[in-house]
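Read the structure below first, then the notes.
Fair warning: this is a prediction, and the values are worked out from it, not measured in the lab.
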Amino acid sequence: MHLEIEAEACTGCRICETFCSLHHEGVIWVEQARIRILAQDDGGPFLPTACHQCDDAPCAAACPVEAITVDSRTGAVLVDLDECLFCGDCAHACPYAAVFLDEERELTLICDLCGGEPRCVPVCPKDVIRIMPGAGP
């Protein structure tokens, strides 16, 4: 599965980032969300950005220690943080700029589809984010 995002309909409310960070970090910390809302300014336009769960996973191919794998059940790209060198090769390889690097904690953050139940999907008030079967582009 992968997330399909209709960027043109995004209002920039950032609810998806809020729920993502709450799920992964246990607190609301949108800078640590695995989905990000990028914008030129507060008025938009807004561009929700998350891992496309690519079929060929260029981020995984770029990893020198094979710390990035694809979950066989969900198709989600997963980072083994114990193995990750935090070199940034995966972020440079991602064609969608959807690999986020937490410089302070030296963590590589990629959408993991919340184990198959993405928290961002049901909370989006405009249905901008949908779960789709199969790998992304």
Side-chain angles (χ1 to χ4, degrees):
M1 72 177 69
H2 69 279
L3 298 179
E4 182 176 270
I5 300 174
E6 185 182 347
E8 307 80 38
C10 180
T11 63
C13 70
R14 302 183 78 181
I15 292 172
C16 57
E17 291 175 320
T18 300
F19 276 79
C20 177
S21 65
L22 187 58
H23 171 72
H24 286 95
E25 303 297 333
V27 295
I28 296 171
W29 188 8
V30 296
E31 294 80 14
Q32 302 307 311
R34 277 65 170 171
I35 184 170
R36 304 277 175 93
I37 305 301
L38 307 177
Q40 285 183 316
D41 56 44
D42 289 342
F46 303 103
L47 179 61
T49 304
C51 180
H52 288 223
Q53 313 301 339
C54 301
D55 193 32
D56 61 349
C59 58
C63 182
V65 294
E66 299 179 3
I68 300 176
T69 58
V70 177
D71 183 279
S72 61
R73 183 179 63 82
T74 64
V77 172
L78 304 176
V79 180
D80 182 336
L81 297 175
D82 292 329
E83 295 296 320
C84 179
L85 301 175
F86 195 68
C87 65
D89 288 356
C90 55
H92 296 299
C94 178
Y96 302 103
V99 177
F100 308 110
L101 302 175
D102 176 346
E103 301 285 341
E104 186 175 313
R105 298 186 301 167
E106 292 191 352
L107 295 176
T108 301
L109 308 174
I110 300 176
C111 173
D112 61 2
L113 297 172
C114 297
E117 296 181 33
R119 301 308 194 275
C120 57
V121 174
V123 299
C124 180
K126 295 290 187 178
D127 295 322
V128 169
I129 310 165
R130 291 179 288 284
I131 301 171
M132 302 301 288

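Pairing each heavy atom of Ala98 with each of Cys51, the nearest pair is CB-N, 3.5 Å. Residues Val99 and Cys59 come closest through the heavy atom pair CG2-CB, 4.3 Å. Here the closest heavy-atom approach between residue Pro58 and residue Ala93 is recorded as O-CB, 3.6 Å. Between Cys54 and Tyr96, the shortest heavy-atom contact is SG-CE1, 3.7 Å. What you find for Val77 and Ile68 is that their closest heavy atoms are CG1-CG2, 3.3 Å. Here the closest heavy-atom approach between residue Ala50 and residue Cys111 is recorded as CB-CB, 4.5 Å.
Residue pairs meeting the side-chain hydrogen bond (donor to acceptor under 3.5 Å, both in side chains) criterion with at least one partner in residues 40-50, sequence neighbours excluded, do not occur; the list is empty.
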Report task. Give the intermediate values and the outcome of side chain to side chain contact (heavy atoms under 4.5 Å, CB included) for residues Cys120 and Leu3. Result -> CA-CA 10 Å; Cys120 57; Leu3 298 179; 4.0 Å; yes
Query raised in the report: Can Arg130 and Glu4 be said to form a side chain to side chain contact (heavy atoms under 4.5 Å, CB included), step by step?
Result: CA-CA 5 Å; Arg130 291 179 288 284; Glu4 182 176 270; 3.3 Å; yes
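Within the model, atoms CD of Glu8 and CD of Glu6 stand 6.0 Å from one another, a figure rounded to the nearest 0.5 Å. Put simply, CG on Asp89 and SG on Cys94 are 13.0 Å apart, with the number rounded to the nearest 0.5 Å. Atom NE2 of His92 and atom SG of Cys87 lie 8.0 Å apart (nearest 0.5 Å). Atom CG of Asp127 is separated from atom CD1 of Ile129 by 9.5 Å, given to the nearest 0.5 angstrom. Here the CD1-CE distance, from Ile5 to Met132, works out to 12.0 Å after rounding to the nearest 0.5 Å.
Looking at heavy atoms from C-beta onward, Leu101 lies in side-chain contact with Phe86 at the 4.5 angstrom threshold. Proximity of Pro125 to Cys13: side-chain heavy atoms (C-beta onward) are separated by under 4.5 Å at one or more points.
Residues that satisfy the side-chain hydrogen bond (donor to acceptor under 3.5 Å, both in side chains) test with Asp80, not counting sequence neighbours, are absent from this structure. The side-chain hydrogen bond (donor to acceptor under 3.5 Å, both in side chains) search around Asp112 returns His24, not counting sequence neighbours. Here Thr18 pairs with nothing under the side-chain hydrogen bond (donor to acceptor under 3.5 Å, both in side chains) rule; sequence neighbours left out. Contacts of Arg14 classified as side-chain hydrogen bond (donor to acceptor under 3.5 Å, both in side chains), with partners at least two apart in sequence or in another chain: Glu17.
Within a 6.0 Å radius of CZ in Phe19, other residues, nucleotides and ligands contribute 12 heavy atoms or fewer.
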Could you pull out all donor-acceptor pairs under 3.5 Å where a side-chain atom in residues 27-39 meets a protein atom, sequence neighbours excluded?
unit_1 : atom_1 : unit_2 : atom_2 : d
Gln32  : OE1    : Arg105 : NH2    : 3.0
Arg34  : NH1    : Glu25  : OE2    : 2.8
Arg34  : NH1    : Gln32  : O      : 2.7
Arg36  : NE     : Ala33  : O      : 2.8
Arg36  : NH2    : Glu31  : O      : 2.7
Arg36  : NH2    : Ala33  : O      : 3.4

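No path of Ile, Leu, Val, Met, Phe, Trp and Tyr side chains, each step under 4.5 Å between heavy atoms, connects Met1 with Ile110, placing them in separate hydrophobic clusters.
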